[in-house]
Amino acid sequence: WDKLCNIKTKTSGFTLAKAIACAVQFDNQHCGIYAGDWDSYKDFAPVFDPIIQEYHGIKPDAKHTSDMDSSKIKGNIVEDAPVHSTRIRVGRSIDGFGLSPGITKEQRIGVEKLMKTAVKNFPKDLSGNYYPLTGMD
């Protein structure tokens, strides 16, 4: 605690106290620690790494791999059951923005602006309208 308690992350000013706040307040949390941004994983690695390793059953030297080849995604899209609406949930990080526990209001506005721009550039088969949560009346 003494080594990490005064650190504030660069992205959102998140602290170790904020990371564990939910577990301090509620004793029924499964994990009890939440990263406020990508920097949290680096800045608070002495706390996060052992928890992540135990939770996921991985070794300290494990490396994450990504496969962004969309052709490998197999679905059950049926012609007579078209999709009329969808909701996109951003549950992971966008570089330069905090995660849910640490994101600032300004960053939330920035994410929304980024998503509006992205939606406008979807190809025709994915096109549609963007509706903000505060404007869906």
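Residue indices begin at 1 and follow the sequence shown.
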>> Are the side chains of Trp1 and Leu16 in contact, using a 4.5 Å heavy-atom criterion?
In response: yes
> With sequence neighbours excluded, what pairs up with Ile58 under the side chain to side chain contact (heavy atoms under 4.5 Å, CB included) test?
Replying inline: Ile52, Gln53, His56, Ala62
> Would a 4.5 Å heavy-atom cut-off, applied to side chains only, mark Leu126 and Val119 as touching?
Replying inline: no
> Between CG of Asp39 and OG of Ser12, what distance do you get to the nearest 0.5 Å?
Replying inline: 7.5 Å
> Can you name the closest pair of heavy atoms from Lys8 and Asp43 and give their distance?
Replying inline: O-OD2, 4.4 Å
>> Please enumerate all residues that pass side chain to side chain contact (heavy atoms under 4.5 Å, CB included) together with Asp67, with sequence neighbours excluded.
In response: Asp69, Lys72
> Any side-chain heavy atom of Leu4 within less than 4.5 Å of one from Pro46?
Replying inline: yes
> How would you list, by chain and number, every residue that makes a ring pair (Phe, Tyr, Trp, His ring centres under 6.0 Å) with Phe48, sequence neighbours excluded?
Replying inline: Tyr41
>> Using side-chain heavy atoms (C-beta onward) and a distance below 4.5 Å, is Ser66 in contact with His64?
In response: yes
> Heavy-atom distance under 4.5 Å between the side chains of Gln107 and Thr104, does that happen here?
Replying inline: yes
> Hey, are the side chains of Glu112 and Pro132 touching, using non-hydrogen atoms and a 4.5 Å cut-off?
Replying inline: yes
>> If hydrophobic clusters are built from ILVMFWY residues whose side chains come within less than 4.5 Å, do Val47 and Ile7 share one?
In response: yes
> Thr9 and Asp37: side-chain hydrogen bond (donor to acceptor under 3.5 Å, both in side chains), yes or no, with the steps?
Replying inline: CA-CA 8 Å; Thr9 63; Asp37 49 39; 2.6 Å; yes
> Any chain of hydrophobic side-chain contacts (each under 4.5 Å) joining Ile33 to Tyr55?
Replying inline: no
>> With a 4.5 Å cut-off on side-chain heavy atoms, are Leu99 and Tyr34 touching?
In response: no
>> Whether the side chain of Asn121 engages the backbone of Thr117 through a donor-acceptor N/O pair (distance < 3.5 Å, no angle test) should be reported.
In response: yes
>> If I take atom CD1 from residue Ile103 and atom CZ from residue Phe14, how far apart are they, to the nearest 0.5 angstrom?
In response: 11.5 Å
>> Less than 4.5 Å apart, side chain to side chain, heavy atoms only: is that true for Ile20 and Gln25?
In response: no
>> Tell me the closest heavy-atom pair linking Pro50 and Ala45, and the distance in Å.
In response: CD-O, 3.7 Å
> SG of Cys22 to CG of Asn28: how many Å apart, nearest 0.5 Å?
Replying inline: 7.5 Å
> Could you give the distance from NZ (Lys120) to OG (Ser127), rounded to the nearest 0.5 Å?
Replying inline: 14.0 Å
